[in-house]
Amino acid sequence: MAQSTIKVEIKRQSTPDAPSTTEKFEIPYRPGMNITSLLGEIALNPVDVSGKATTPVTYDSNCLEEICGSCAMLINGKARMACSALVDKLEQPITLAPLSKFPVVRDLAVDRSVLFENLKKVKAWVPIDGSYDLGSGPRQAPQIQEQRYPLSNCISCTICMEVCPQFNDVTGFVGAATIAQTKLFNMDPSGSVLKEERLRALAGDGGIQECSFSQNCVQACPKQLPLTEAISDMGRDVFIQQVKDLFAR
């Protein structure tokens, strides 16, 4: 007998300092629903399982096709993207909660600005401001392009940081995404001008030495980035840079 409703339990928090509560909902079943459409149904009729009126659930989303990375949350206890998590493949009751390692803004929305602060630390950009015409960029071998392309697919979802045992307030670990972006820009012909600065940043507090190589990140990454390979390569480059700096004193 086909199911007629979808049971869902959502961890909610009205403000960053408010206590969290759990609200239960039953949503009419439709085939092919994902978690984003499920939350949309609640927004259309925000009434909990007891018939009590409530408010629509706050969550981040944008592209709805696993490109923007904004809809990451805990779905049945696992860090996933809401747009690609299909209801038909999830056990019920479906439990939704915000990512646990980031400050809650409201309900399922969290503040992930720590990732972007970490990217600033390693200067994860190409230092060209575009204010004047530089002509064609330097050529790059196809083999290097093939190594860089997977790393460029990072969507800043922070799932790798959520599942990492070393990413916490004690270590201040920058996380796999930041390290992978360091490799991406160090391999860029124009971006490599900042290579030494990036490597020195990764050698500092919260840097690559904090990685325990648990490999949770590469297993959880929704875009299947070669994160552990990037961490290994950057670990080697950081060590070589430290040796160079030692003899340059």
Side-chain angles (χ1 to χ4, degrees), residues 6 8 10-13 25 27 29-46 55-90 94-120 122 124-126 130 145-146 148-164 167 174-185 188 216-227 230:
I6 303 165
V8 58
I10 304 176
K11 184 178 181 180
R12 306 197 63 180
Q13 190 170 327
F25 300 88
I27 309 302
Y29 172 80
R30 294 198 322 269
M33 294 180 74
N34 59 13
I35 294 300
T36 306
S37 58
L38 185 68
L39 291 167
E41 290 293 324
I42 294 174
L44 290 173
N45 184 30
T55 56
V57 180
T58 299
Y59 63 100
D60 292 321
S61 70
N62 190 9
C63 71
L64 305 181
E65 54 184 1
E66 208 177 70
I67 296 297
C68 72
S70 61
C71 67
M73 62 183 68
L74 297 181
I75 301 172
N76 285 357
K78 182 180 180 180
R80 300 186 59 180
M81 307 302 299
C83 61
S84 57
L86 300 179
V87 169
D88 289 334
K89 295 184 178 181
L90 295 170
I94 298 171
T95 61
L96 304 180
L99 297 177
S100 66
K101 294 189 177 180
F102 303 87
V104 173
V105 177
R106 180 182 173 96
D107 294 340
L108 304 176
V110 297
D111 179 1
R112 290 177 282 184
S113 59
V114 62
L115 169 62
F116 304 103
E117 293 302 319
N118 290 340
L119 291 172
K120 290 179 185 178
V122 298
W125 57 75
V126 175
Q145 292 176 355
E146 290 177 5
R148 293 187 67 228
Y149 180 73
L151 298 173
S152 71
N153 287 330
C154 178
I155 58 177
S156 302
C157 65
T158 67
I159 285 178
C160 61
M161 300 164 76
E162 170 70 21
V163 302
C164 177
F167 177 71
V174 295
T178 297
I179 296 171
Q181 292 306 291
T182 301
K183 178 179 177 180
L184 172 68
F185 288 101
D188 182 270
N216 290 6
C217 55
V218 75
Q219 295 178 33
C221 178
K223 306 306 286 187
Q224 299 179 326
L225 270 63
L227 295 174

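- Taken from CG in Leu108 to CD in Gln13, the straight-line distance is 10.5 Å, to the nearest 0.5 Å.
- Taking 4.5 Å as the limit, some side-chain heavy atom of Leu90 sits within range of a side-chain heavy atom of Arg80.
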Contacts under 3.5 angstrom, residues 113-120 side chains, donor-acceptor by atom type, not counting sequence neighbours:
from   : atom 1 : to     : atom 2 : distance (Å)
Ser113 : OG     : Asp111 : OD1    : 2.9
Glu117 : OE2    : Lys120 : NZ     : 3.3
Asn118 : ND2    : Val114 : O      : 3.3
Asn118 : ND2    : Val174 : O      : 3.2

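- Side chains of Thr58 and Arg12: a donor-acceptor N/O pair is absent below 3.5 angstrom, by distance only.
- The minimum heavy-atom distance between Met33 and Glu41, with the atom names listed, is CE-CG, 3.7 Å.
- Taking 4.5 Å as the limit, some side-chain heavy atom of Ile35 sits within range of a side-chain heavy atom of Met73.
- At least one side-chain heavy atom of Thr55 sits under 4.5 Å from a side-chain heavy atom of Arg106.
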List the steps, then state whether side chain to side chain contact (heavy atoms under 4.5 Å, CB included) holds for Tyr59 with Thr36. CA-CA 9 Å; Tyr59 63 100; Thr36 306; 4.0 Å; yes
Can you check side chain to side chain contact (heavy atoms under 4.5 Å, CB included) on Leu96 and Lys11, steps first, answer last? CA-CA 6 Å; Leu96 304 180; Lys11 184 178 181 180; over 6 Å; no
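- Applying the side chain to side chain donor-acceptor pair (under 3.5 Å) rule to pairs touching residues 60-73 yields Glu66-Ser84, sequence neighbours excluded.
- The two residues Asn34 and Ala82 make their nearest non-hydrogen contact at CB-O, 3.8 Å.
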Take Leu227 and Cys221, measure what side chain to side chain contact (heavy atoms under 4.5 Å, CB included) needs, and give me the verdict at the end. CA-CA 8 Å; Leu227 295 174; Cys221 178; 4.1 Å; yes
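- Nearest approach of Gln181 to Ala124, heavy atoms of both residues: CB-CB, 4.3 Å.
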List the steps and the verdict of side chain to side chain contact (heavy atoms under 4.5 Å, CB included) for Ile155 and Cys68. CA-CA 6 Å; Ile155 58 177; Cys68 72; over 6 Å; no
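- Scanning both residues, Cys157 and Ala72, for their nearest heavy atoms gives O-CB, 3.6 Å.
- Within the model, atoms CD of Glu162 and CG of Leu99 stand 4.5 Å from one another, a figure rounded to the nearest 0.5 Å.
- You'll find the side chain of Thr95 stays beyond 4.5 Å of the side chain of Ile10, heavy atoms only.
- A heavy-atom distance below 4.5 Å is not found between the side chains of Val110 and Val105.
- Residues Val218 and Pro226 are not in side-chain contact: their nearest non-hydrogen atoms beyond the backbone lie 4.5 Å or more apart.
- With sequence neighbours left out, the ring-ring contact (aromatic ring centres under 6.0 Å, His included) criterion links Phe102 to Phe167.
- Nearest heavy atoms, Arg112 versus Ser156: NH1-O, 4.3 Å.
- Interatomic distance, NZ of Lys101 versus CG of Leu74, reported as 10.5 Å (0.5 Å rounding).
- The OH atom of Tyr149 sits 10.5 Å away from atom CG of Leu225, with the distance rounded to the nearest 0.5 Å.
- The side-chain heavy atoms of Pro46 and Pro56, taken from C-beta on, include a pair separated by under 4.5 Å.
- Smallest separation of non-hydrogen atoms from Ala79 and Val163: CB-CG1, 4.2 Å.
- For the pair Arg148 and Asp188, the minimum side-chain heavy-atom distance is below 4.5 Å.
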